[in-house]
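The structure appears right after this line, and notes come after that.
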Amino acid sequence: MKKSLLLIVFLNLMAIVGYAQYNLTITYDATQGASTLQGAQKVYFHSGASDVIGPLDNSAWNYNVGNWGADDGIGQMTDLLNNVWTITFDPIVYYSQSVNGPVSGPQIYRIGMVFRDATGANFGKDVNNSEIYMNLSSGNPEIFNSDGSQFFGVTAGISSVGIQALSNSKASIKNYPNPLSTHTIFEYNLESNQSVNLSIYDATGRIVNTLFNDMQSSGKHYYYWMGDDSKGNSLSGGIYYYSLSTGSEKVFGKININR
């Protein structure tokens, strides 16, 4: 009951806080540019981004996402066959995974990218064997080689699907404010009535709190959390992770506690 009353007080914040941008779909042809990824079993999108308009150079790699050489699923692309791979994500949500996230600006304007296999032994770059860049500041994605010429090995499109709903996802979640100092509000959406679990993990992967584990109805839901563990003690500052699990999928996110 106490949390429900506190939630009502903070719901007014939601109208002025916007963390979603849009869904960006990137499609990569591994036969183009400098590439040794032809025939790869897995391809990862390794990238950085900036929420500041500027040149298409290394300054675009402000929010880096991906662990080179790690087969950990972060940035893993979907195989469309014939050496063509794709990935879809919301830029604001995706680059808020960065160690220096969450993204603080209004939107992502620039992206730097390379592609790799599961081990990082093989990779795909531009025609100059360097980073590929995407300009998002004009409204339509534009892809360039490192010398400023157009790169034809990557295509991109945007759609206003929102929050963290990926291509086939039936559940989505976000939280704000992030970093958390006194509280955060989880906002999540369910497409059907189902059993749902929302749990918090520390950096080692240990569950520190299960916020709920019950049957819930379809639609939008909110949950107010004060950054405490399962015993009601305030968690110390640092990086934590959360997972929203349903019967068919699990959606992850990262939260920074800053006390």
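Atom set for the values below is all heavy atoms of this structure, side chains included, hydrogens, waters and symmetry mates excluded.
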Check: [X]/[Y] side-chain N/O donor and acceptor closer than 3.5 Å:
X: Tyr44; Y: Asp72; answer: no
X: Asp228; Y: Asn233; answer: no
X: Asn128; Y: Ser130; answer: no
X: Asp126; Y: Ser146; answer: yes
X: Thr36; Y: Asn122; answer: yes
X: Thr184; Y: Asn175; answer: yes
X: Asp57; Y: Ser59; answer: yes
X: Asn83; Y: Asp29; answer: no

Among Phe186, Tyr201, Trp225, find the residue that satisfies the ring pair (Phe, Tyr, Trp, His ring centres under 6.0 Å) test when tested with Tyr242. Phe186
What residue among Tyr224, Tyr222, Tyr223 forms ring pair (Phe, Tyr, Trp, His ring centres under 6.0 Å) with His183?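 Passing option: Tyr224.
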So, for [X] and [Y], which heavy atoms are closest and what is the spacing to 0.1 Å?
X: Leu24; Y: Pro91; result: CB-CG, 4.0 Å
X: Ser195; Y: Asn213; result: OG-OD1, 4.3 Å
X: Val114; Y: Trp68; result: CG2-CZ3, 3.5 Å
X: Asn129; Y: Ala34; result: OD1-CB, 3.7 Å
X: Met134; Y: Ala156; result: CE-CB, 3.6 Å
X: Leu81; Y: Asp79; result: N-OD1, 2.7 Å

ILVMFWY cluster membership beyond Val84 - transitive side-chain contacts under 4.5 angstrom: Leu80
Under 3.5 Å, is there a donor-acceptor pair between the side chain of [X] and the main chain of [Y]?
X: Asp229; Y: Gly232; value: yes
X: Arg110; Y: Tyr133; value: no
X: Ser35; Y: Ala30; value: yes

Please answer: with hydrophobic residues joined when any side-chain heavy atoms are less than 4.5 Å apart, are [X] and [Y] in the same cluster?
X: Val127; Y: Ile26; result: yes
X: Met77; Y: Ile74; result: yes
X: Ile108; Y: Trp61; result: no
X: Ile132; Y: Ile87; result: yes

Quiz: residues 251-259 side-chain donor-acceptor pairs under 3.5 angstrom, not counting sequence neighbours:
unit_1: Lys254; atom_1: NZ; unit_2: Gln97; atom_2: O; d: 2.4
unit_1: Lys254; atom_1: NZ; unit_2: Ser98; atom_2: O; d: 2.6
unit_1: Arg259; atom_1: NE; unit_2: Leu235; atom_2: O; d: 2.7
unit_1: Arg259; atom_1: NH1; unit_2: Ser181; atom_2: O; d: 3.2
unit_1: Arg259; atom_1: NH2; unit_2: Met226; atom_2: O; d: 3.3
unit_1: Arg259; atom_1: NH2; unit_2: Gly227; atom_2: O; d: 2.7

Inter-residue atom distance [X].[atom1] - [Y].[atom2], 0.5 Å rounding:
X: Thr88; Y: Asp90; atom1: OG1; atom2: CG; answer: 11.0 Å
X: Leu56; Y: Ser137; atom1: CG; atom2: OG; answer: 8.0 Å
X: Ile111; Y: Asn135; atom1: CD1; atom2: CG; answer: 10.0 Å
X: Ile173; Y: Glu187; atom1: CD1; atom2: CD; answer: 9.5 Å
X: Gln32; Y: Gln38; atom1: CD; atom2: CD; answer: 9.5 Å
X: Ser243; Y: Ile200; atom1: OG; atom2: CD1; answer: 8.0 Å

Taking only residues two or more places apart in sequence, or in another chain, which ones meet Gln216 in a side chain to side chain contact (heavy atoms under 4.5 Å, CB included)?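 Gln216 satisfies side chain to side chain contact (heavy atoms under 4.5 Å, CB included) with Tyr188, Leu190, Val196, Phe212, Asp214, His221 only.
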Set of salt bridge (Lys or Arg N to Asp or Glu O under 4.0 Å) partners for Asp71, sequence neighbours left out: Lys42
Residues passing the salt bridge (Lys or Arg N to Asp or Glu O under 4.0 Å) test with Asp202, sequence neighbours excluded, are Arg206
Among residues at least two apart in sequence or on other chains, which ones pass ring-ring contact (aromatic ring centres under 6.0 Å, His included) with Phe115?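 Tyr28, Phe45.
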Does the distance from a Lys or Arg side-chain N to an Asp or Glu carboxylate O, for Glu131 and Lys125, drop under 4.0 Å?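 No, Glu131 and Lys125 are not salt-bridged.
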When you compare the side chain of Tyr95 with that of Pro102, does any pair of heavy atoms fall below 4.5 Å?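 No, their side chains stay 4.5 Å or more apart.
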